Amino acid sequence: MTTLDRLRGWKLAGVIDDVQYASLSELVRGERLSVYVELSAALYVGVLLLVGGLGWTIRTYFTNLGDPFVIATLSLIFAGSVAYCLRHAAPYAHTQVESPNLAFDYVLYLGCLALSVLVGYLAFRFEWARQHSDNGLLATVGVFAVLAYRFDNRFVLSLALTSLAGWFGLKLPAFGFTSPDALRLSAITYGAIVAATGAALYRQAIKPHFFEAYLHIAANAVFSAFVSGASAGQSHGLYLIGLVVLSLSAIGLGVRFRRFAFVAYGTVYGYAGITRAVLPHLGSATAFLAYFFITGTLVIVTLAVLARRFGRTE
């Protein structure tokens, strides 16, 4: 039975009406093609290029432009973006709120990136800002978090969480923690804090759709730490065991809750960590090639099968 046959059956059974049947049939036959994802990606890339060009111009010509001009320009971009969003945004709600128009999210993203450039420029130009760069970065995290929740934007939330990771990185040397093990423990701590924060807000039903963004950031930070520790340091054995447990947990929970990304995290990071631990024990080029051919093929086939299964059921 084809997909079109199923659609006809659903229409006859009253599951979908004539309008829904016509729209879905056009999609199945390829008569209608959505370019929303491509258009969104192009717009975000455009914003990044715009800010990147702005940052390059400032860095190259700041002596000619002057500090007041640069600071005022970046401040006006940020303030104007926030003012635009405040004017057009719907009232705040704990549930998901749709953007009022296509440009809204990109204007907000532009303002946040301008703020990042401003904070970096202040630290670059002024000694007093460099001395308090960690506090400035933490303040930026707070601003991004407030804007993310006020305007329901997961991209800005990701900016806040990655900026928080940068703050962790700045604070470690200040406390004398510079060894690889200390950095790994910091990454694990950061991931745990991010995941716990997301879970707490989810339980309070405050923007529960943000929960996955917290988990994605936390998972990548924690997995990276375990992969790094699994092949180096005195505790590499413990890290390897922890990585295997974490990978199996991510795969199991990803399958249970139908989140393929976490299945992929568990598979790819687990494979990377085990491979890094196994490579020193491969005695010849033949064993090296055989290992990668066999295990790489298994990983790719497994992910492909799981992706097809998730695609059919979601």
Side-chain angles (χ1 to χ4, degrees), residues 37-38 41 45 48 52 158 161-162 164-166 168-170 172-173 176-195 212-314:
V37 174
E38 291 81 359
V45 170
L48 288 172
S158 298
L161 295 177
T162 52
L164 181 62
F168 266 78
L170 284 178
L172 281 177
F177 298 132
T178 56
S179 68
D181 282 334
L183 294 175
R184 295 183 191 109
L185 289 175
S186 175
I188 294 171
T189 302
Y190 163 79
I193 291 174
V194 169
E212 277 197 44
Y214 284 96
L215 291 182
H216 283 297
I217 298 292
N220 281 283
V222 174
F223 270 119
S224 297
F226 274 95
V227 170
S228 173
S231 59
Q234 297 180 346
S235 304
H236 66 277
L238 293 177
Y239 277 107
L240 182 59
I241 294 173
L243 176 63
V244 171
V245 172
L246 191 63
S247 297
L248 292 176
S249 299
I251 294 171
L253 293 173
V255 170
R256 177 181 176 184
F257 293 103
R258 314 226 53 79
R259 294 296 182 268
F260 178 73
F262 295 95
V263 176
Y265 290 155
T267 303
V268 173
Y269 279 111
Y271 176 70
I274 292 173
T275 297
R276 291 187 64 177
V278 168
L279 282 182
H281 304 287
L282 298 178
S284 64
T286 302
F288 180 86
L289 292 175
Y291 172 82
F292 274 103
F293 177 77
I294 296 172
T295 60
T297 301
L298 287 174
V299 169
I300 292 172
V301 170
T302 300
L303 287 176
V305 170
L306 288 172
R308 288 176 61 86
R309 177 183 173 188
F310 275 74
R312 287 196 299 267
T313 57
E314 288 185 340

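This chain uses plain numbering: 1 for the first residue, then up along the sequence. Keep in mind that this is a model prediction, so the values were computed, not measured.
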Considering residues at least two apart in sequence or located in another chain, which fulfil the side-chain contact (heavy atoms from CB on, under 4.5 Å) criterion with Ala218? Val194, Ala195

Going from CD1 on Ile188 to CD1 on Ile193, what distance comes out if it is rounded to the nearest 0.5 angstrom? 12.0 Å

Less than 4.5 Å apart, side chain to side chain, heavy atoms only: is that true for Val244 and Phe226? no

Any residue meeting side-chain contact (heavy atoms from CB on, under 4.5 Å) with Ala187, in chain and number order, not counting sequence neighbours: Ala225

Under the side-chain contact (heavy atoms from CB on, under 4.5 Å) test, which residues partner Thr297, sequence neighbours left out? Phe293, Val301

Restricting to side-chain hydrogen bond (donor to acceptor under 3.5 Å, both in side chains), what partner residues turn up for Thr275, sequence neighbours left out? Tyr291

Without swapping roles, check the side chain of Ser228 against the backbone of Ser224 for a donor-acceptor pair under 3.5 Å. no

Phe292 meets the ring pair (Phe, Tyr, Trp, His ring centres under 6.0 Å) criterion, sequence neighbours left out, with Phe288

Leu243 versus Phe223: any side-chain heavy-atom pair under 4.5 Å? yes

For Gly191 against Val222, the heavy-atom pair lying closest together: CA-CG2, 3.8 Å

Residues 261-271, side-chain donor-acceptor partners within the protein, below 3.5 Å, at least two apart:
from	atom 1	to	atom 2	distance (Å)
Tyr265	OH	His216	ND1	2.9
Tyr265	OH	Asn220	ND2	3.4
Thr267	OG1	Val263	O	2.8
Tyr269	OH	Asn220	OD1	2.7
Tyr271	OH	Thr295	OG1	2.8

Roughly how far, to the nearest 0.5 Å, is the CG atom of Leu246 from the CD1 atom of Ile241? 13.5 Å

Return the minimal non-hydrogen interatomic distance between Ala213 and Leu161, and the atom names on each side. O-CD1, 4.2 Å

